Structure formats: C-alpha cells, structure tokens
Amino acid sequence: MAEPTRSEARPLPPAFVPAEVDAPLYERWVERGYFEADEKSDRPPFCIVIPPPNVTGSLHVGHAFEHALIDALVRRRRMQGYEALWLPGMDHAGIATQNVVERELAKQGLSRHDLGREAFVKKVWEWKAESGGQILGQMRRLGDGVAWSRERFTMDDGLSRAVQEIFKRLYDDGLVYRAERIINWCVRCHTALSDIEVEHTDDEGELVSIRYGDPATSEVVVATTRAETMLGDTAVAVHPDDDRYAHLVGTEVELPLTGRRIPVVADPHVDPTFGTGMVKVTPAHDPNDFEIGQRHGLPSLLVLDEQGRVTAHGPFQGLDRFEARPAVVAALREEGRLVAERRPYVHSVGHCSRCGTVVEPRLSLQWWVRVGPLAKAAGDAVRGGRVVIHPAEIEGRWFSWVDNMHDWCVSRQLWWGHRIPVWYGPDGEVVCVGPDDDVPTGPGWHQDPDVLDTWFSSALWPFSTLGWPDDTPALAKFYPNQVLVTGYDILFFWVARMMMFGLYARADQPPADAVPFRTVALHGMVRDEHGKKMSKSFGNAVDPIEWLDRFGADAVRFTLARGANPGTDVPVGADWVQAARNFCNKLWNATRFALLNGAHVGSLPPAADLSAPDRWILSRLNATAAAVDAFYEDFQFAKLSEALFHFVWDEFCDWYVELAKTPLAAGGAAAERTRLVLGHVLDTVLRLLHPLIPFVTEKLWTTLTGEESVVIANWPRADDSLVDAAAETAVDEIQRLVTEVRRFRSDQGLKPRQRVTARLIGPAGGSADTHEIEIRSLTWLDEPAEGFAPTASLQVGSVLVEIDVSGSIDLDAERRRTEKDLAAARNELAQAAAKLDNEQFLAKAPDAVVTRIRERRTSAEAEIARLEARLAALGG
RNA sequence: GGGCGCAUAGCUCAGCGGGAGAGCACCCGCCUUACAAGCGGGGGGUCACUGGUUCGAUCCCAGUUGCGCCCACCA
C-alpha cells in the first residue's frame with residue numbers, strides 16, 4: 001500500500017483563486033497541443049466548428065454560454081477517445097463591421113467615401129486585427145479548448161476561394177442570377193438587405209385615404225400609410241370580380257399633384273373587403289405593387305433615391321421621405337379636399353436589423369440565389385433524419401421556413417466583404433469568374449462593385465474551414481461535423497444556409513455524408529436575472545470579463561451550463577455566478593481535505609471489505625456517472641450539471657466526507673480503505689466535471705493523481721455493479737437518524753457542538769450499532785456515563801435514542817414539534833387509507849402504485865404510534 | 001393575420017397521471033483544524049382561472065385571462 005505522503009508534498013491553498021490557477025494551465029494545454037486534432041488518426045472524429053463571432057467587437061455573455069456548451073461536448077468526447085476538434089475562427093460580419101468602422105471614422109468627421117474603397121477596406125482590416133485579438137484573448141480566458149492552428153477567418157484566402165468557387169458553381173447551374181426586383185433598402189446603411197435582415201415592429205402611423213381622378217366626380221379613393229409614394233403610382237387596382245368598380249377598369253384617372261393620368265386595372269391581389277376595395281399601385285416601392293405592375297405591364301417609377309429622398313417633382317424634390325409624407329398630404333388638402341380621411345393606424349413596419357432605420361422597399365438590380373432546390377434539400381435532410389434538430393419542437397419552424405423560402409438577395413452595396421466575382425464587359429458581357437479562371441481584362445471591363453451578404457460565406461463554414469474546395473484529409477475526416485451548437489435566433493440566418501450550401505457543395509457524396517452536420521443543438525439566449533433580454537441600451541448587458549475577473553471562468557461556465565435547459569433561454573445574475581464559484585471552492589476544499597488526510601488513487605478493495613458509507617458513495621457515484629452520460633446524449637446541460645452539483649455537495653461533502661472522518665481518525669486498515677475511496681471518488685468526479693469546469697478540475701486532479709493532465713484522461717465509465725441498493729438503504733437510515741437527532745437538538749435550543757450524553761439502542765448489526773461512532777460524531781452525542789439518566793428519548797426507525805439533555809428539556813418545543821409531525825403523519829395515513837378504501841383504485845391502479853401506497857400506510861401507522869407515545873411521555 | 005410556447009415557493013426555473021422540488025433570497029443557531037465562498041436546523045406554494053376526461057389531474061383535453069417568441073407583401 002502506498003504511503004499517504006503526497007498531501008504533504010503538494011499542499012493546496014485553503015481557497016480556490018482562479019486568478020492564480022487558470023492562466024498557466026491554459027498555456028500549458030495549448031503548448032502541449034491537447035486541443036489539436038489529427039486528421040490521419042484512426043480515432044472516430046468529433047468535430048464542432050465554432051459559430052464564428054463577428055469581429056465587430058468583444059464577446060458577450062451569450063458567447064460565453066455557447067462556448068461553455070461546445071467546450072463541454074468536445075472535451076468529453078476527447079476524453080472518450082474521439083479525435084476531437086473544435087475549430088475556431090471569426091466572421092467578417094460585413095455590414096456590422098463596416099458600420100462600426102464607419103462610426104469610428106465619423107468621429108473624425110470622415111466618411112468611407114473620403115478614404116475611398118481601398119483605403120477604407122484597409123482600415124477595416126486594421127480594426128479586425130485589433131478587435132479579433134481581443135476576442136481570442138477572451139476565448140483563452142474562458143478556457144476554450146480550440147485547435148488554434150486551424151483558426152480561420154471568413155475573409156482569409158482559403159475561404160474567399162471557397163466563396164468564389166461556390167458562387168461560380170451556382171452561377172453555372174443557374175442557381176444564382178441577377179434581377180431587378182423590390183428589395184429592402186436601408187437608407188442609412190445604403191445597401192440592400194435580405195428579408196430576414198428586416199425586423200418588423202408594430203408602429204404607429206397614419207392611414208390616409210386619397211381621392212384620385214376628378215375631384216368633382218371622384219369615386220376613386222385609395223388608402224396608404226406612405227403618402228409620398230403616390231408620386232410613383234402608375235395605376236389603381238381593383239379586384240376583377242368587384243362589380244362596384246367594373247366600369248372603371250380600363251379607364252384612366254388623374255393622379256393628383258403630378259398631372260399624370262394612370263390606368264385602373266383589375267388584379268386578383270386586391271382584397272375587395274379592405275377599405276374601399278381600391279389600391280394605389282406603386283411598382284417601384286412596394287413588392288405587391290411590383291407584382292401587379294409585372295402582370296399588367298405597368299411602368300415602375302422610382303421616386304425615392306438611395307438616401308430616401310424624393311427625386312421627383314418640384315415642391316417635394318429633395319425632401320426626406322418622412323418630410324415628404326406630411327407635405328404631400330398637406331398639398332393634397334390644399335388642392336381641394338383630396339384627402340378623404342386620415343386616421344391613426346398601427347401597422348407592421350420593417351426596420352434594418354443592423355441600425356433600426358425604417359427600411360424602404362425599392363426597385364433595384366441585385367444578385368439572387370434561387371433557393372427552391374436548395375431549400376428542398378435542406379428540408380428533406382431533416383425529414384429523412386440525416387440531420388437531427390434538438391430540441392425536436394423546433395423542427396416545425398424549420399419546415400415552415402425552408403418550405404416557403406423566397407429567393408435570397410445576396411448582393412450588398414458595401415465595401416467590406418467578398419466582392420461578387422462577376423465582370424461586365426464593354427458590350428454588355430457578363431462573366432462569372434471562378435477561383436482558377438482568368439479575369440477578363442481590357443478597356444471597359446470592370447468587376448461588379450458589390451459584395452456578398454455576410455451569411456453567404458458563413459454558409460460555407462463547416463467545409464470551407466476544412467479546406468474545401470480542395471479534397472483535403474481534414475475534410476474527409478471531419479465533414480460532416482458531428483454537432484452544430486448555436487442559438488435558435490440564427491436558425492434561418494445561418495443553419496438553413498449551411499444546410500443548403502453544404503448539401504449543394506457535397507452533392508457528390510452519399511446523401512448521409514453530404515449534410516454539414518449530423519445534429520443541430522440549439523440553445524437559448526442569455527437573459528438577466530429577471531429573465532429580461534440583455535441589451536446595452538437597457539443597461540442590463542453584462543461584460544463577461546467582469547464576471548471572469550470576479551469569479552473565474554469555471555464559475556461563469558458552470559452557471560451557464562447549469563441554466564441550459566434545451567432550447568430555452570438562460571437567466572443569469574451575479575449571485576448565481578457567485579454560487580457556482582462557491583461550488584468550485586467546495587470541490588477544492590473537499591479535495592484539499594482528502595489530500596490532507598492522505599487520499600490517493602489505487603485499486604479499490606473488494607466490496608466485502610468496504611463499509612456501508614463506502615459502498616453507498618460508490619453506488620451514488622456510478623448512478624451519477626450514468627445519469628450524466630445519458631444527459632449528455634440529450635444536450636441536457638442543466639440536468640447533468642445539477643446531478644454533479646448535488647452529488648458533490650449534498651452526498652459526497654455533506655455525508656461521505658463527514659462519515660469518513662471517523663475511520664480516518666481510527667487509522668490502520670479502515671483509514672487506508674477510506675483514503676482509497678476518497679481518492680477514487682474524487683478522481684472520478686473531477687473527470688466527470690472537467691468538461692464543465694476545466695480549470696479547477698485540472699488543478700485538483702493533477703494534484704491528486706500526479707498525472708499529466710485531466711484533459712487527456714479517460715472519461716469515467718459508469719459501473720452498474722457498484723450500484724448497491726443495500727448500502728443506499730443503510731446510509732439512508734443513518735441520515736434519517738442523524739437528521740432527527742439534530743432536529744431534536746435544534747428544537748431544544750442545544751448549540752450545534754454542545755456535547756450531551758445519549759444511549760443508542762438498536763437491533764444488533766443495524767446502522768446504529770455498526771456506525772455508532774459516526775452517528776455520535778455527527779450528532780455531538782457522548783457515551784453515557786455511570787448513572788446515566790435520560791431526560792428524553794426519540795425513536796427513529798428501529799433505533800431508540802435516549803438523551804440526557806443537560807438541564808431541563810423544553811417540553812413545549814418538543815410537544816409542538818411532535819404535534820406537528822403527528823398531524824403530518826395522520827394526514828399521510830388518511831390519504832393513503834382513502835385510496836386503499838377505494839375499490840376502483842385497487843382495481844385499476846398499477847400494482848406498483850398500490851404497493852407503494854400500502855407501504856406508505858404502514859409506515860404512517862408506525863409513525864403515528866411512535867409520535868403518540870412520545871406525546872404521551874411528554875405529558876401532552 | 002397565421003404558428004408556437006409559457007403561467008409551480010419572494011426571485012429564476014425543474015418536475016409533468018398516483019407522496020409539491022432545486023438554486024438564490026429569508027428566519028434561528030454555530031468562526032466545529034476541508035471549506036464563514038462554510039456548517040446545522042427552519043419557515044414559505046388552493047402548481048393562473050373555469051370546465052372536462054380519469055378510481056385519481058400541477059401533469060391529459062377544451063375554453064378563459066395574462067405574458068413571450070417566430071413567421072407574414074394586407075393598401
């Protein structure tokens with residue numbers, strides 16, 4: 001047997017101080033290459049690509065949350081023997097980053113146009129270097145076990161090549177095309193936006209009804225919330241079956257303020273029951289009107305420029321759309337009661353998701369991805385079970401989205417991003433250039449000035465980061481990724497597009513291997529301690545660094561994991577992080593205690609040589625390990641964290657460690673046996689906890705075992721043979737006895753450590769008999785001396801405890817307690833008895849339930865008898 | 001306008017057909033040589049409302065009220 005000398009050799013400080021522990025450990029992990037993955041390995045692959053953070057700024061708590069989950073998954077798989085890869089990187093975040101840099105420039109009174117495209121883009125790269133470095137630093141502090149050698153950026157050469165390649169393929173397949181349509185135009189960002197980049201809110205506006213045609217005889221009344229767009233009307237539409245207006249169809253009416261005459265057309269899109277049943281048609285500034293225009297060959301008249309200013313017609317020219325709106329209404333009124341009605345109107349208004357500006361629908365020539373076949377494949381992959389979405393309830397949303405997707409506008413009028421690889425020739429030639437093609441040169445040739453939607457490159461992330469379009473070993477090994485962990489908020493922005501492009505790019509593979517990932521695990525959003533959305537403007541956003549400084553990375557990670565119920569939002573507050581920090585410290589001190597007492601890791605003695613508490617804690621340990629494994633398979637981070645928390649604190653620390661003090665003090669074989677069990681339990685539970693709280697566990701585990709690192713230790717396997725029902729029952733008895741005595745003492749006003757004498761009388765070999773020393777120690781009861789005269793007695797299970805409460809017993813307190821317990825027991829009995837009197841219950845309830853109720857009745861009866869006796873003894 | 005989800009202890013949330021749970025907060029007592037970032041004990045809930053199904057409902061169904069989210073081109 002090894003001598004317990006380690007503890008003296010490697011003492012632990014009395015408290016866990018993350019600031020002193022974390023950083024050196026992380027550096028060592030990286031130096032030793034633990035997080036690197038070998039694509040040539042025979043081990044099964046486990047790859048998760050990071051949802052690339054925007055280089056825009058620093059990580060927020062949501063990132064910390066996501067990283068905590070991913071890191072836990074990857075670390076566990078690594079311990080299980082997988083070739084585990086967490087691939088890091090960042091996203092250039094086109095519009096977001098450009099905005100940030102433009103804002104910086106604005107502080108100096110400059111616009112990007114002052115710099116020019118080339119200089120501006122250079123500026124953004126500088127920003128990227130600075131901001132990106134900050135993000136990487138935060139990831140190190142969090143303990144993210146990423147393969148740094150594989151770090152990628154969506155704008156680096158390889159990924160840009162992938163973007164160009166896929167664009168070229170899509171172009172050649174007719175899946176990307178250029179067309180003039182209504183797009184969402186942000187007048188502040190000066191770019192087109194895709195539909196999902198627009199956020200709708202119910203805004204207060206005004207619905208204005210306007211008379212068109214001859215004021216005297218006018219029967220044409222149309223309504224609008226955007227009066228200024230009337231300047232661009234090119235028709236009025238009615239429903240084809242609307243008899244009220246059938247006579248007008250084919251005629252022309254005068255458009256006020258413009259001197260133009262516009263036709264009345266019949267179109268099925270018009271809802272005859274809404275308003276007057278007549279609609280103004282502005283093909284250049286409304287998607288529906290554009291459709292109507294197409295159907296009737298109407299001209300499209302742009303009346304707002306890219307700044308949202310009126311381009312047409314004298315008095316309004318140059319006015320912002322929001323100035324033009326009332327101005328037009330006023331002019332109509334002056335013109336002679338052309339405004340039939342004005343009323344407040346709450347309606348859905350689209351805003352730029354980046355800057356909040358009201359989006360202007362606007363006719364524009366843009367590049368589009370034809371989404372039909374791609375989206376169908378994305379839907380089928382989930383339908384066919386090739387990709388599994390967690391939690392499953394989200395699938396409904398998934399299908400309704402992919403099955404109804406509109407074509408995706410992918411061109412952006414920005415400078416920061418992947419430039420569209422299309423050249424236009426002097427004679428109207430259009431050439432799409434692949435990564436290995438020659439760029440057309442010569443007079444008149446120029447490249448499309450626009451860049452691609454930032455999500456276009458993100459969509460390639462699962463394979464572009466692994467070397468695609470080249471046929472690399474990494475791609476072969478790690479594609480499809482095993483899991484994708486991300487927030488439900490970007491299911492459509494990102495997950496759907498990765499599915500579409502992954503399936504398209506890898507269409508040469510068998511269907512099951514073309515998918516970008518096998519499982520999508522969606523998490524919720526981090527919220528504040530009251531469940532409110534975190535936002536800077538609301539002032540409740542937390543900088544994770546603050547918590548990292550105060551409580552350490554493990555505490556932050558554990559808090560977040562512990563709150564992570566599948567797919568639901570996670571509320572967190574500083575108090576909770578503190579509680580997690582306390583847990584880490586508890587673990588620290590339990591290990592410290594064990595080491596101070598010579599705990600070490602060795603082969604466990606056979607069960608027959610172990611005490612009931614030993615067998616109990618091993619039983620609980622293995623049950624916990626099994627539960628943790630099951631929870632991991634289901635991404636139940638809250639449950640598995642809770643299981644480990646409960647095991648460590650409530651079972652191991654509160655009971656096993658306390659019970660262990662007796663054999664440790666006894667010395668000899670009992671002490672050595674206990675040291676081995678302590679060592680074994682800690683060894684195992686530290687490994688189980690490592691994926692969640694990597695730093696403390698590394699420090700404690702290496703100190704305990706003397707081994708190199710828990711990062712590369714084996715994941716514990718639950719051993720069913722160590723689950724021991726008899727031991728659990730035995731310890732359960734001890735716990736009940738101890739708790740009852742403590743309760744009695746507390747009721748009697750005895751100080752916790754105040755020694756009183758007592759005699760324990762139980763059946764030979766029962767828990768009181770075999771563990772009397774432990775029980776006395778935990779209840780501060782001394783052996784009775786000569787002439788022992790108990791002043792009180794209490795029966796707990798099969799054990800009678802006679803106590804000499806030094807001094808007089810507080811009869812009132814004791815009576816109150818007993819009466820209360822008695823009432824509870826009687827209530828219990830009544831409930832059980834009522835059920836057992838019910839014939840239908842007996843006939844229909846499952847046997848197990850009936851048995852349980854019978855047992856409950858029996859124990860309630862015994863309890864009542866006991867309590868009544870006690871009450872009688874108390875003179876009640 | 002559609003679709004989805006949620007209402008359980010003061011707060012944040014688990015549980016989800018047969019004994020109401022956790023963390024934090026609260027009250028009482030303890031500086032017990034692992035830990036005061038701790039230890040022991042304790043109080044606190046007609047499980048939103050109304051009906052239904054069932055021997056039995058916090059749990060299933062319907063409706064009501066309140067809250068949240070997603071989608072949508074209704075002037």
Side-chain angles (χ1 to χ4, degrees), chain A residues 12 14-16 182 195-196 200 207 209 222-226 229 237 269-271 274-276 278-282 286-291 345 347-348 350 361 393-394 396-397 400-401 404 406 488-489 491-492 527-531 533 551 555 559 562-563 565 567-573 575-576 578-597 638-639 642 645-646 653-654 657-658 661 738-739 742-747 749-754 778-780 828 831-832 834-835 838-846 848-850 852-853 856 860:
Chain A
L12 287 169
F16 169 46
I182 299 284
D195 290 345
I196 49 174
H200 290 87
L207 188 66
S209 299
V222 296
T224 180
T225 53
R226 296 188 293 152
T229 61
H269 171 263
V270 180
D271 176 359
F274 186 94
T276 59
M278 309 182 98
V279 172
K280 64 191 274 302
V281 181
T282 322
D286 183 281
N288 291 317
D289 294 3
F290 179 73
E291 300 285 320
Y345 194 68
H347 62 132
S348 179
E393 302 86 73
I394 303 278
R397 260 197 244 173
S400 70
W401 165 262
N404 301 298
H406 297 312
Y488 60 70
D489 57 327
L491 185 63
F492 306 137
R527 291 166 173 271
D528 76 5
E529 63 266 49
H530 298 296
K533 200 179 272 180
F551 306 114
T559 305
R562 206 175 168 201
N565 288 115
T568 64
D569 292 344
V570 186
V572 287
D575 283 354
W576 310 6
Q578 183 173 319
R581 188 274 313 264
N582 294 354
F583 172 68
C584 294
N585 190 239
K586 189 73 177 172
L587 192 63
W588 178 278
N589 272 289
T591 308
R592 182 161 170 266
F593 168 85
L595 290 171
L596 287 170
N597 283 281
K639 300 268 171 55
E642 202 55 43
F645 180 92
H646 177 252
C653 291
D654 284 355
V657 167
E658 294 305 322
K661 287 175 179 174
V738 167
T739 304
R742 283 173 176 171
R743 192 154 80 132
F744 171 80
R745 294 180 51 116
S746 182
D747 287 347
L750 294 171
K751 304 293 183 198
R753 289 181 62 219
Q754 188 178 334
L778 294 178
T779 50
W780 310 280
E828 176 85 8
Q831 281 183 13
K835 288 204 168 180
N838 184 330
E839 281 175 30
Q840 284 181 306
F841 168 73
L842 293 175
K844 297 192 177 179
V849 173
V850 176
R852 204 184 318 148
I853 306 279
R856 207 183 297 162

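Heavy-atom basis, side chains included; hydrogens, waters and symmetry copies ignored. Fair warning: this is a prediction, and the values are worked out from it, not measured in the lab. Naming: A, B, ... by sequence-line order, numbering from 1 per chain.
No side-chain donor-acceptor contact under 3.5 Å links Arg856(A) to the backbone of Gln831(A). Distance alone, capped at 3.5 Å, is enough to place a donor-acceptor pair between the Arg745(A) side chain and the Lys751(A) backbone. Within the 3.5 Å criterion, the main-chain N or O of Thr568(A) finds no donor-acceptor partner in the side chain of Asn565(A). Looking at Arg397(A), its side chain never comes within 3.5 Å of a backbone N or O of Leu491(A) through a donor-acceptor pair.
Taking atom C1' in both rU8(B) and rA22(B), one finds a spacing of 12 Å when rounded to whole Å. Using P as the reference atom, rA20(B) and rC24(B) are 24 Å apart when rounded to the nearest Å. Taking atom P in both rA36(B) and rG21(B), the straight-line distance is 31 Å, to the nearest Å. If you take atom C1' in rG3(B) and the same atom in rA72(B), they sit 10 Å apart, rounded to whole Å. rC26(B) and rG43(B) have their C1' atoms separated by 8 Å, given to the nearest Å. Taking the C1' atoms as reference points, rA48(B) lies 15 Å from rC59(B), given to the whole Å. Taking atom C1' on both nucleotides, rG17(B) is separated from rC55(B) by 12 Å, rounded to a whole Å. The C1' atoms of rC16(B) and rA7(B) are separated by 14 Å, rounded to the nearest whole Å.
With a cut-off of 3.5 Å on both pairing distances, the Watson-Crick or G-U wobble partner of rC55(B) is rG18(B). Nucleotide rC49(B) is matched to rG63(B) when pairs are restricted to Watson-Crick or G-U wobble geometry with both distances under 3.5 angstrom. With both pairing distances under 3.5 Å, rG40(B) is matched to rC28(B) as a Watson-Crick or G-U wobble pair. When both pairing distances are held under 3.5 Å, rG23(B) makes a Watson-Crick or G-U pair with rC11(B). A 3.5 Å limit on both hydrogen-bonding distances identifies rG68(B) as the Watson-Crick or G-U partner of rC4(B). The nucleotide rU33(B) finds no pairing partner, because no Watson-Crick or G-U wobble arrangement with both distances shorter than 3.5 Å includes it.
Backbone-only engagement by Arg743(A) is indicated by non-hydrogen atom pairs under 4.0 Å involving sugar-phosphate atoms exclusively. If you check every strand for non-hydrogen atoms under 4.0 Å, Ile182(A) touches nothing. Among the protein residues, Cys653(A) comes within range of the nucleic acid bases, having at least one heavy atom under 4.0 Å from a base atom. Glu393(A) comes within contact range of no nucleotide atom at all, as no heavy-atom separation falls under 4.0 Å. Contact annotation for Thr739(A): backbone-only contact, meaning every heavy-atom pair under 4.0 Å involves sugar-phosphate atoms and none involves a base. Heavy atoms of Asp271(A) sit under 4.0 angstrom from at least one base atom. Residue contacts shown for Pro361(A) are absent, as no nucleic acid heavy atom lies under 4.0 Å away. Residue contacts shown for Asp654(A) are limited to sugar-phosphate atoms, with no base heavy atom under 4.0 Å away. Using a 4.0 Å heavy-atom criterion, one finds that Val281(A) contacts no nucleic acid atom at all. Across all strands, Arg745(A) comes closer than 4.0 Å to no nucleic acid atom at all (heavy-atom distances). Counting any heavy atom pair closer than 4.0 Å across all strands shown, Thr224(A) reaches sugar-phosphate atoms only and no base atom. Heavy atoms of Asp289(A) sit nowhere under 4.0 angstrom from any nucleic acid atom. In this structure, Tyr345(A) reaches the sugar-phosphate backbone alone: every heavy-atom distance under 4.0 Å involves primed, P, OP1 or OP2 atoms, never a base. The residue Arg856(A) sits close to a base: some heavy atom pair falls under 4.0 Å.
To the nearest 0.5 angstrom, Asn585(A) atom CG is 12.5 Å from Phe551(A) atom CZ. To the nearest 0.5 Å, atom OG1 of residue Thr282(A) and atom CD1 of residue Ile182(A) are 9.0 Å apart. Rounded to the nearest 0.5 angstrom, Thr224(A) OG1 and Asp286(A) CG are separated by 8.5 Å.
With RNA chain B read from its 5' end, the first of the two nearest nucleotides for Gln840(A) and Ala579(A) is the one closest to Ala579(A). When each of Glu658(A) and Lys533(A) is assigned the nucleotide of RNA chain B with its nearest heavy atom, Glu658(A) is the one assigned upstream, toward the 5' end.
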Could you go through the side chain to side chain contact (heavy atoms under 4.5 Å, CB included) check for Arg742(A) and Leu778(A) one step at a time?
-> CA-CA 9 Å; Arg742(A) 283 173 176 171; Leu778(A) 294 178; 3.9 Å; yes
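Relative ring orientation between Phe492(A) and Trp401(A) is described as parallel, the plane-to-plane angle staying below 30° on a 0-90° scale split at 30° and 60°.
Here the range on RNA chain B touched by chain A, meaning any atom under 4.0 Å from one of its heavy atoms, is rC11(B) to rA75(B).
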